[in-house]
2 protein chains.
Amino acid sequence: KDKGCELRRRAKFDDFVLDDDGRVVGVTIREEYRFDDKLYSDDLENTSGTKKTLKANKGVVLAAGGFCRDKAFRKLQDPRIPDDVDSTNHPGATAGALLKAFEIGAYPVQVDWIQFGPWASPDEKGFGTAPILTQQGTFKYGIAVDIRTGKRFMNELADRKTRADAEFKILREKPGAYPITFADTKMAFKDLSEEIIQKGMGSGKIVGECATLDDIAKKYGVPADALKETVKKYNEGVKAKKDEFGKQESALSEINEAGPFYVIRLSPKPHHTMGGLKINTKAEVISSKTNKPIPGLYAAGEITGGTHGASRLGTVAITDCIV
Amino acid sequence: KDKGCELRRRAKFDDFVLDDDGRVVGVTIREEYRFDDKLYSDDLENTSGTKKTLKANKGVVLAAGGFCRDKAFRKLQDPRIPDDVDSTNHPGATAGALLKAFEIGAYPVQVDWIQFGPWASPDEKGFGTAPILTQQGTFKYGIAVDIRTGKRFMNELADRKTRADAEFKILREKPGAYPITFADTKMAFKDLSEEIIQKGMGSGKIVGECATLDDIAKKYGVPADALKETVKKYNEGVKAKKDEFGKQESALSEINEAGPFYVIRLSPKPHHTMGGLKINTKAEVISSKTNKPIPGLYAAGEITGGTHGASRLGTVAITDCIV
């Protein structure tokens, strides 16, 4: 505001306005727009809001984010994503603005490179608290298990892509067979604040409490003998300082086989779309018609492509835009 | 011709002609167009040909192929591809038609899924003969070696993606350090016809002839002792019927360490672009504006996306089009 900027909420970008030379001179938007997360494709189905045209003083900066919540478009790019998985993003994370930029000639870059959070839960919406409970809890002090076999299937602390691919493999073979992660209650959340634990346990939906391994087996439909064997084998690896799946030695600690346990179901959630628009170092959007900037159009953030490679590292998505 | 069709050669698609309702009613082309494989981006730089507009009787079928020869666009999608690598495709395999379809609202599908031929040679243009000499020759009866270390680095008969990724890793670490594949001359080409062998050996550029392992080491800059150790180790694996890289037992045969040898350099070449336009079962191109067909527009072949998954299997790219 101090700089003469006005922030308009609930204003959704619909399309670009171009002049006769192909310069972006404005946008059409809808005011009082309400994203509806019950729609399969918000961009195609949502008719809310009132149309309006805005003139740009100097140019338009696209910062519409990624498309992790766009069930129609993300599935086109990665057919592994089940429709019943939401996303760690807000409901407005759709591909509409990206596709409109392609229509005026912007280069698509690596649009199907989608990063999934392998630490998320199918038992809560959005990002939620499971990512903290697993990543800093049960993944570190416990294990993840394929409920069909009772066996481990990944290094619980591998990179995001490796883990998400391993979880997707299970869900593709048997839809709905969400793997579980667990640790004994003494260890599971010992590094976490009381606030986070309360938030995670509060609903009673994300974290299951089981007295014994037999209880886990019963509750989640896991072969009990195989599950016990898996914990035993893991503990032997801890003692030998050599994990079967290459888990880091510093993160190896024995699981108390006697229990009790905290258990969380796992589902990889679309978290970040690495692909998008080609920009130059001035954040100008590059046209495939000329390999030069589209006059008047800039982009920043997740809607741009090619910055982060195939699997973005955590916390590095802070992009600057010079206009 | 019998069906009233006229084939026009050297006619390059430039853009679509739409009517007021957004129906594709024709195309603009250039006649007497000459693709120029010396250009970095033929689509952007080539000014040859004479412009012409063609009216479509019923509709337009896009069958412009993939973009393996489009150095600018393919690098946007996969930055690993060196500019000095050509492709197994003809010079007209550029992204121009695909990008024009995005401009009229076609959905992009998995555009960056590019398949590379891991059996190609940097010492000949295009597909060439090396793919046969390696795939049915030295890969089967010999090994592939990283010239920097003298060691093997892949199962020579793994799937295309696995092998291309392994070769790219080497070329990324040291540009120009093309790995080599070799077998002893008695075995190397024994399954191949005299015609193919003549074609491959004829130029003297693709197949190197070396009397001993020391000669290979000298000619290709490989550490000699490591190379000898590698062959010895491979032969031991053959005897034990257990290959270090999991090469199929049926393809294991000893290399005569005494030589002489045939040697071929390896470079993964862009071979097929799996991504492209979204079509339905009637081959109609789907619009991202409506999720319905773009009136008057059809597509077939490599320009379509989503059919073959992440790594096309050999020989299955024969697509039918019902118009």
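Reminder, nothing fancy here: chain letters follow the sequence lines and each chain counts from 1.
For the pair Y107(B)/L99(A), a side-chain contact is recorded, criterion being any heavy-atom separation below 4.5 Å from C-beta on. Counting heavy atoms from C-beta on, the side chains of P108(A) and L76(B) never come closer than 4.5 Å.
Closest of all the heavy-atom pairs between Q77(A) and W113(B) is O-CZ2, 3.9 Å.
The interface of residues 287-294 of chain A with chain B, defined by heavy-atom distances below 4.5 Å, comprises S288(A), K289(A), T290(A), N291(A).
Proximity to chain B is limited to the backbone of V111(A), based on heavy atoms less than 4.5 angstrom apart.
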